[in-house]
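Report on the structure given below.
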Amino acid sequence: MLTKKDITKMLETIAVYMEIKGENPFKVSAYRKASQSLETDERTLQEIEDVTSLKGIGKGVGDVINEYIETGNQSYLDELKKEIPEGLIPLLKIPGLGSKKIAKLYKELNVKNKEDLIEACEQNKVSELPGFAKKTEQKLLEEAKVLGQRPERYPINTMIKAHEEINQFLDGIEDIIQYHIAGSFRRMRETSKDLDYIISTNDEMKVQEALLKFPNIQEKIAVGKTKVSLDLLFGDDVIGVDFRMIKEESFYHTLQHFTGSKDHNIKIRQIAKDRNEKVSEYGIEESNGNIITYKSEEEIYKHFNVPFIQPTMREDGTEFDKDLSDIVQLDDINGDIHMHTTYSDGAFSIEEMIEAAIKRNYQFICITDHSRNLAVANGLSIERLLEQNEKIKTLNNQYKEIDIYSGTEMDIKPDGTLDYPDEVLKELDYVIAAIHQSFNQSEAEIMHRLKVACENQYVRHIAHPTGRIIGRREGYQVNMDELIKMAKETNTVLELNANPQRLDLNAEVLKQHPDLMITINTDAHHIDHFDFMKYGVGTAQKGWVKKSQVINAKDRVSFKKWIQSNK
DNA sequence: GCCGTTTTCGGCCCGACTGTTTTCAGTCG
């Protein structure tokens, strides 16, 4: 049976082929809009009776979809595939090469794939075409050779490190009035293609000059008065970085514009259009030609009489139709309930973690070191666990400004048993269960392990529910719908692990389950890791998680009541 | 191809940079 994903993929593919074929760009974008409209509808494909009832899907695309659903075949796509060689599609990924140039290369030189393109460049045939010249040919040859070698998107954790380095460099440029990150990284997407910075200055040329002194420039892609685009080298990663220079008065408009998303901005422009106004990165143009500029993003949204939408939630445009007023905020978080100390594999003592938490004005924390099965992380024997438990109880009496709970992050072992017996668990304030090994087990085996944990009366929460590492490993075979059902039935809370390598649960799952109870924890192994909370909250916001769904958004008293209650 | 109280045609978001050009097309975000 076909899923929605199959349909949207088919529509996207048609759009790409049509583009190279040279179809009317609006027709192409109609297929893309139809795909998106389908994707953002909350119903499954089977629940949608008539696809043409969706906005952006009319008779034309409707027929295309229905043929595919009914026969499993799409004749229009088949036709396109006969006309356009498949090998041309990946060429769209080459910077500077779009559909029109690809079409020209195909028609004039019979270029059908990457290999043909390399050959044509080497034989200097490309530079003979009108619209192409030596420089383009050289560039295309270089890019075609490395096509597919560089990742298209980088995980957020990689970007965080690059971002920190770039910040340091920008801090040293005198002519910058202020700067801010924009783009998908600011929206806290799990992966980003590049990094975008907005810079306000009175002297663009001086800033441009300073930017070109970046120590790790791999290539200068574009160098203009309003934009400097560089490929910068961070370790082994070549990351594209765009810098936009703008006068201070337009700063927040440019920031809003380049934060995107594209679809979010299209929506804003439509709203503006209905008011006979025009939005650009410079400001808002009224019908009389007067340009308004505001001194904050909040004021821009206010201008259009829409609620302010935080960057994390600016995605497909549906955020404008949703009441986002009770979405969880960083300030709502009153404690962190998953962290490690030197007892297991953490870098700081219990006291140091407590002090760091107090500095952040947290009202409560749980100390949750690894259990004995995780020997590589110096997991605690029962004796050490109980000794730590006593110590935490003593410390809790010493620190009046914060509640310190004693817990564990206990392994759910591969055979489906828990790492500590119940008579030990009942001594603790809080028990987290987690899968740390045998990731390649079958779905049935993994789900059995999770079931045992959920059904245990002392296990309050499941850590990093899928075990994924963004961009590095998929995680284990979890049936998420089943896990969520089990969690709800057993009053077990699922974790949103805020470590930017994990962000597990992800936003998509959260959006689909608006009544799920979660905790947002950093899993800190270092006092600096408490900072990860912002990525966890950002992910929760992307998943439209309400404050009331988040256990550690409770205040000190309510949290105490919750943790001391039976499951 | 879709859409529509200025509906059945004419729009569809907007601007900058590059390279190849003698005024602009293509690409990109």
Side-chain angles (χ1 to χ4, degrees), chain A residues 11 14-15 18-20 22-38 51-65 76 91-105 126-140 143 182-187 192-198 204 208 219-230 240-246 250 253-285 291 317:
Chain A
L11 294 173
I14 287 182
M18 289 200 319
E19 212 167 29
I20 294 180
E23 282 281 6
N24 176 346
F26 295 111
K27 195 169 155 182
V28 177
S29 105
Y31 274 83
R32 295 219 160 96
K33 272 185 201 151
S35 165
Q36 199 161 33
S37 172
L38 201 56
V51 286
T52 62
S53 64
L54 269 71
K55 202 168 158 45
I57 303 182
K59 173 132 185 15
V61 180
D63 286 349
V64 166
I65 294 174
Y76 181 43
L91 299 186
L92 280 167
K93 300 236 162 72
I94 294 179
L97 201 53
S99 54
K100 298 206 170 127
K101 282 189 174 168
I102 291 175
K104 208 177 226 175
L105 289 167
V126 172
S127 54
E128 287 167 11
L129 291 178
F132 294 79
K134 272 281 163 231
K135 207 163 172 179
T136 307
E137 187 174 67
Q138 194 53 41
K139 180 96 180 121
L140 286 180
E143 292 288 352
S184 59
F185 181 77
R186 182 175 184 227
R187 302 200 313 275
S192 297
K193 189 165 159 285
D194 56 14
L195 291 172
D196 299 285
Y197 291 85
I198 311 304
E204 297 90 347
Q208 183 202 81
E219 204 184 334
K220 296 167 191 167
I221 306 295
V223 180
K225 196 175 172 219
T226 66
K227 174 182 155 184
V228 171
S229 198
L230 304 172
V241 186
D242 286 349
F243 302 93
R244 310 269 170 174
M245 282 89 79
I246 192 80
S250 293
H253 292 269
T254 311
L255 179 61
Q256 196 283 326
H257 179 87
F258 284 107
T259 294
S261 71
K262 194 180 168 197
D263 294 321
H264 179 88
N265 283 351
I266 286 175
K267 197 103 186 188
I268 287 198
R269 281 156 196 278
Q270 282 163 350
I271 293 171
K273 232 185 140 159
D274 291 342
R275 297 162 50 111
N276 279 319
E277 294 172 335
K278 251 164 70 177
V279 182
S280 78
E281 59 257 56
Y282 298 104
I284 299 163
E285 190 183 326
I291 307 239

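Below, chains carry the letters A, B, ... as their sequence lines are ordered, and counting in each starts from 1.
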Is the backbone of [Y] close enough, under 3.5 Å, to the side chain of [X] for a donor and an acceptor to pair up by distance?
X	Y	answer
A/Glu23	A/Val28	no
A/Glu137	A/Ser127	yes
A/Gln208	A/Gly224	yes
A/Lys101	A/Gly131	no
A/Ser35	A/Tyr31	no
A/Ser261	A/His264	yes

Rounded to whole angstrom units, what separation is found between the [atom1] atom of [X] and the [atom2] atom of [N]?
X	N	atom1	atom2	answer
A/Lys139	B/dC17	NZ	C1'	13 Å
A/Lys27	B/dG1	NZ	P	4 Å
A/His264	B/dC13	NE2	P	16 Å
A/Tyr31	B/dC3	OH	P	13 Å
A/Leu230	B/dC17	CG	P	14 Å
A/Asn265	B/dG15	CG	C1'	13 Å
A/Ile198	B/dA16	CD1	C1'	13 Å
A/Asp263	B/dC12	CG	P	17 Å

Taking [M] as the reference, what is the distance to [N] when you measure between their [atom1] atoms (whole Å, please)?
N	M	atom1	value
B/dT5	B/dC12	P	16 Å
B/dC2	B/dT6	P	23 Å
B/dT8	B/dG15	C1'	33 Å
B/dT7	B/dC3	C1'	9 Å
B/dC14	B/dC9	C1'	24 Å
B/dT20	B/dA16	P	22 Å
B/dC13	B/dG4	P	14 Å
B/dC28	B/dT23	P	25 Å

Remember a base hit wins even if backbone is also touched, and classify [X] as base, sugar-phosphate or nothing at under 4.0 Å, heavy atoms.
X	result
A/Asn24	base
A/Val223	sugar-phosphate
A/Ile268	nothing

As a test of the definition: with a 90° window around 0 for syn, would you call B/dT22 syn or anti?
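B/dT22: anti glycosidic orientation.
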So if I take every side-chain heavy atom of A/Ala222 and compare against B/dC17, B/dG1, B/dC13, which nucleotide ends up nearest?
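So the side chain of A/Ala222 is nearest to B/dC17.
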Tell me which nucleotide among B/dA16, B/dC2, B/dC12 gets nearest to the side chain of A/Phe26.
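Closest of the options to the side chain of A/Phe26: B/dC12.
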Partner set under salt bridge (charged side-chain N to carboxylate O under 4.0 Å, His left out) for [X], not counting sequence neighbours:
X	result
A/Glu219	A/Lys139
A/Lys273	none
A/Arg269	none

Within a radius of less than 6.0 Å around NZ of A/Lys59, do more than 12 heavy atoms belonging to other residues, nucleotides or ligands occur?
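12 or below, so no.
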Nucleotide-resolved protein contact map, nucleotides 4-11 of chain B, B/S/- at heavy-atom distance under 4.0 Å:
--------
Can you give one letter per nucleotide of nucleotides 20-29 of chain B, 5' to 3': B if a protein heavy atom sits under 4.0 Å from the base, S if only from the sugar-phosphate, - if neither?
SS----SSSS
Can you sort out the partners of A/Ser229 under side-chain contact (heavy atoms from CB on, under 4.5 Å), two or more places apart, ordered by chain and number?
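A/Ser229 satisfies side-chain contact (heavy atoms from CB on, under 4.5 Å) with A/Ile221, A/Ala222, A/Lys227, A/Asp242 only.
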On DNA chain B, compare the nucleotides closest to A/Glu285 and A/Leu54; which residue's is nearer the 5' end?
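It is A/Leu54, whose closest nucleotide lies nearer the 5' terminus.
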Pairing nucleotide - B/dT8, Watson-Crick or G-U, each distance under 3.5 Å
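Paired with B/dT8, as far as the under-3.5 Å criterion goes, is no nucleotide at all.
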